[in-house]
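Working notes, structure below.
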Number of protein chains: 2
Amino acid sequence: MVEELNNPEYKELDEETLFIVSQTFKALADPTRIRILHLLFEGEFSVNDISETLQLRQSNVSHQLRFLKNLRLVKYRRDGKSIYYSQDDEHVMHILQQTINHALHY
Amino acid sequence: MVEELNNPEYKELDEETLFIVSQTFKALADPTRIRILHLLFEGEFSVNDISETLQLRQSNVSHQLRFLKNLRLVKYRRDGKSIYYSQDDEHVMHILQQTINHALHY
DNA sequence: TTATCATATGAATATATGAACATATGAGTA
DNA sequence: TACTCATATGTTCATATATTCATATGATAA
């Protein structure tokens with residue numbers, strides 16, 4: 001049997017997986033997006049709600065939401081003139097929650 | 001009782017937590033660092049091992065390891081002329097593993 | 001149908017990041 | 001001690017990213 005430390009059979013991650021994983025973490029790597037997702041733990045919010053609660057420019061919020069929407073981390077629905085955003089990826093939100101808790105307790 | 005969507009009691013994350021969390025995810029948000037950490041699932045490797053296995057410049061590996069070391073995601077020990085790196089944060093490595101598996105199955 | 005309001009988009013800019021090269025460092029060993 | 005080798009560091013460059021301002025879009029309500 002071959003030694004683990006010198007294992008010639010090591011299988012690298014394929015490029016697509018690498019891309020998906022890095023993109024996922026990139027979404028969580030920015031303080032503004034973390035603040036938005038953290039707010040969405042509480043429920044559903046319009047762009048304006050988010051903008052006012054977090055004191056961020058409307059366009060900034062909109063740009064970040066587009067990013068999160070492209071990765072399917074959030075979903076939205078229209079109600080009247082407003083568009084309400086909410087979380088749409090349990091797995092990623094769980095990881096965020098875990099990591100926040102981890103950070104809070106150290 | 002106040003409506004959830006308009007909750008005046010919402011507690012934002014404090015700045016330090018926000019920083020730690022974003023830094024942690026930043027470490028995992030780059031394909032090169034993911035490849036290095038993924039390799040470290042297999043055990044302990046010298047800078048040269050990593051450089052050769054992953055076909056990366058020595059200085060690039062060294063820079064990335066410093067980043068990971070600053071966040072205490074890896075540790076090292078010297079043996080002879082080489083320095084061997086290994087994982088040093090179970091929690092983060094677990095999250096990486098989870099997310100890789102998640103990506104692989106979708 | 002038109003006006004209005006909420007949201008999205010585009011362009012510009014400042015900053016952050018990743019990778020490369022050249023070279024310094026410093027422990028091990030001859 | 002002096003040399004060598006593995007690793008670390010400083011600098012530079014190209015690219016990516018976050019944010020802002022100005023404006024477009026498009027659905028709703030008058």
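Between B:Gln58 and B:Phe67, the one whose closest nucleotide on DNA chain C sits nearer the 5' end is B:Phe67.
Across all strands shown, A:Ser82 has heavy atoms under 4.0 Å from sugar-phosphate atoms exclusively, and none from any base. Counting non-hydrogen atoms under 4.0 angstrom, A:Tyr76 reaches nothing in the nucleic acid. Nucleic acid contact class of B:Asn60 (heavy atoms, under 4.0 Å, all strands): sugar-phosphate only.
Applying the side chain to side chain contact (heavy atoms under 4.5 Å, CB included) test between A:Ser51 and each of A:Ile36, A:Asn60, A:Val61 identifies A:Val61 as the sole match.
Residue B:Arg35 comes nearest to B:Leu54 through the heavy atom pair NH2-O, 2.8 Å, listed as atom of the first residue, atom of the second, then distance. B:Ser22 and A:Ala29 make their closest contact through CB-O, 3.5 Å (heavy atoms, listed as atom of the first residue, atom of the second, distance).
A distance of 4.0 Å separates CG in A:Leu13 from NE2 in B:His38, rounded to the nearest 0.5 Å. Between the CD atom in B:Gln97 and the CD1 atom in B:Ile95 there is a gap of 12.0 Å [rounded to 0.5 Å]. For the atom pair NE2 of A:His102 and CD of A:Gln98, the computed distance is 9.5 Å after rounding to the nearest 0.5 Å.
In summary, contact between chain B and DNA chain D, defined as any nucleotide atom under 4.0 Å from a heavy atom of the protein, begins and ends at D:dC5 to D:dG10 in the 5' to 3' direction.
Counting heavy atoms from C-beta on, the side chains of B:Thr99 and A:His91 come closer than 4.5 Å.
Taking the six-membered ring for Trp and thresholds of 30 and 60 degrees, B:Tyr76 and B:Tyr85 have ring planes inclined between 30 and 60 degrees apart. A parallel orientation is assigned to the rings of A:Phe25 and B:Phe25, their planes being inclined by less than 30° (bins at 30° and 60°).
Side-chain polar atoms of A:Ser82 and A:Asp79 form no donor-acceptor pair below 3.5 angstrom. Between the side chains of B:Thr17 and B:Asp14, at least one donor N or O lies within less than 3.5 Å of an accepting N or O.
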Could you write nucleotides 10-17 of chain C as a row of B, S and -, 5' to 3', where a protein heavy atom under 4.0 Å of any base atom gives B, of only sugar-phosphate atoms gives S, and otherwise -?
BB-----S

Protein-nucleic acid N or O pairs under 3.5 Å, nucleotides 27-30 of chain C:
none

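For the pair A:Asn48 CG and C:dC5 P, the computed distance is 12 Å after rounding to whole Å.
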